Amino acid sequence: MRSCKLIVGSGLTAGLAANLLCDVHELSLSFLPFAKFSSMPEILPRRAFFDALELSRAEEAAVISKVSTSAREVVWNDGNVSAQRSLESTDDFFIYDKGLLASWLLDRAIQRGVHAIKSHAQSSTIQEECKNFDAVLDCRGAGAVAKDPGYTIRQETLSSTYCTYAIIKRPKSMSNDHLVFWSVLNEYGLQRTFFAMPCGTELTSVGGSYCEGDQLDITALLDMMCSLGYPLTPSDVKLTANVAPHRFSCSHSHPKIIPLGDAARSTCPLTEYGVMSALSQLLQLRGDNGLLPSVIRRPASSQIDPHIPVELFL
């Protein structure tokens with residue numbers, strides 16, 4: 001008799017879990033039908049990802065077309081050198097829109113017999129769900145785990161990159177389908193990378209990534225964007241934030257709750273593919289071998305901005 005498991009989450013880890021485990025367990029998937037995702041293009045090693053999903057080449061091609069990103073090109077200005085690349089998938093790399101891929105994985109899992117449960121709100125704790133299932137696979141992500149009192153969180157390393165960004169109403173001078181990066185040195189010789197990335201039909205994310213020991217506030221960010229040809233004022237800003245992706249691991253006090261993906265362990269976006277790390281964890285949960293470390297690691301780079309698809313420029 002197959003065990004009954006509940007998957008909780010709306011993102012890629014939840015969708016991958018539903019697709020990889022549905023042949024060996026009775027699965028239910030509790031998800032938010034209107035979950036929000038970043039529209040920033042993401043990149044993965046193509047063969048390792050699709051081979052793990054065991055798709056035919058025809059299905060693979062159809063998926064790539066269906067989940068392609070609305071951004072068409074990326075421009076990287078590194079000092080006095082400027083390079084431009086297409087944001088279409090290549091033989092080596094799969095480039096996708098996270099929300100579209102999550103939706104495709106959900107639809108495919110339902111077609112394969114996974115019972116879908118639409119949730120209207122994500123609870124801060126999932127311990128109650130253990131009464132009705134043999135196990136609960138927590139794919140809610142790092143943010144939800146941080147609010148769940150049942151979790152113990154252990155910080156492993158400090159962040160290797162820091163980011164200050166603002167969401168702005170896109171001026172006409174900014175492209176709606178190009179990602180643009182500028183790598184520069186500050187007055188102390190420390191590396192910074194600034195970016196402008198469309199996020200939706202009318203908004204753009206502008207920001208700067210920098211290393212430990214450096215600082216960047218919103219005023220300095222707007223001044224820099226002005227010097228790059230984009231005169232922005234505080235009135236253009238809709239939202240601001242600072243991000244420092246520390247690495248940590250998590251465990252739940254209830255033995256039936258199994259955290260997966262970012263709910264289990266955060267990854268360094270500079271050096272690791274978080275999705276591939278989650279995929280490896282799921283393969284092991286199914287009883288298969290995990291992925292090779294070389295597949296999970298991003299190519300070595302001295303760049304301090306994880307948003308740049310450096311894979312396309314090597």
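The structure displayed is predicted, hence computed values, not measured ones.
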Verdict with reasoning, R140 to D148, per side chain to side chain contact (heavy atoms under 4.5 Å, CB included) | CA-CA 11 Å; R140 294 176 299 162; D148 191 324; 2.8 Å; yes
Is the count of non-hydrogen atoms from other residues, nucleotides or ligands lying under 6.0 Å from E88 atom CD greater than 12?
->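 It does not: E88 CD has 12 such atoms or fewer within range.
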Does CG in N132 sit with more than 12 non-hydrogen atoms of other residues, nucleotides or ligands closer than 6.0 Å?
->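 Yes.
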Is there any ring pair (Phe, Tyr, Trp, His ring centres under 6.0 Å) pair reaching into [range], and which pairs are they, with sequence neighbours excluded?
range: residues 231-251; answer: none
range: residues 48-93; answer: F49-F94, F50-F94, W76-F313
range: residues 266-297; answer: none
range: residues 200-227; answer: none

Would you mind listing every salt bridge (charged side-chain N to carboxylate O under 4.0 Å, His left out) that reaches into [range], with sequence neighbours excluded?
range: residues 196-205; value: none
range: residues 297-306; value: R298-E311
range: residues 167-182; value: none
range: residues 95-117; value: D23-R112, E42-K98, E59-R108

Do you know which of I258, I7, I126 makes side-chain contact (heavy atoms from CB on, under 4.5 Å) with V136?
->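 One option only clears the test, and that one is I126.
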Any pair with a residue in residues 190-199 that passes side chain to side chain donor-acceptor pair (under 3.5 Å), sequence neighbours left out, goes on the list, sorted by first then second residue, please.
->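 Residue pairs passing side chain to side chain donor-acceptor pair (under 3.5 Å), neighbours aside: S183-T193, R192-D214, T193-Q303.
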Residues which pass salt bridge (charged side-chain N to carboxylate O under 4.0 Å, His left out) with D223, listed by chain and number, not counting sequence neighbours =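 Listed in chain order: nothing, the list is empty.
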Of all residues at least two apart in sequence or in a different chain, which pass the salt bridge (charged side-chain N to carboxylate O under 4.0 Å, His left out) check with D78?
->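 Applying salt bridge (charged side-chain N to carboxylate O under 4.0 Å, His left out) to D78 gives none.
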Hey, any chance [X] and [Y] share a hydrophobic cluster, counting ILVMFWY side chains that come within less than 4.5 Å of each other, even indirectly?
X: L53; Y: V114; answer: yes
X: L55; Y: L105; answer: yes
X: F37; Y: L100; answer: no

Tell me, please, which residues at least two apart from E128 pass side-chain hydrogen bond (donor to acceptor under 3.5 Å, both in side chains).
->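 So E128 forms a side-chain hydrogen bond (donor to acceptor under 3.5 Å, both in side chains) with K131.
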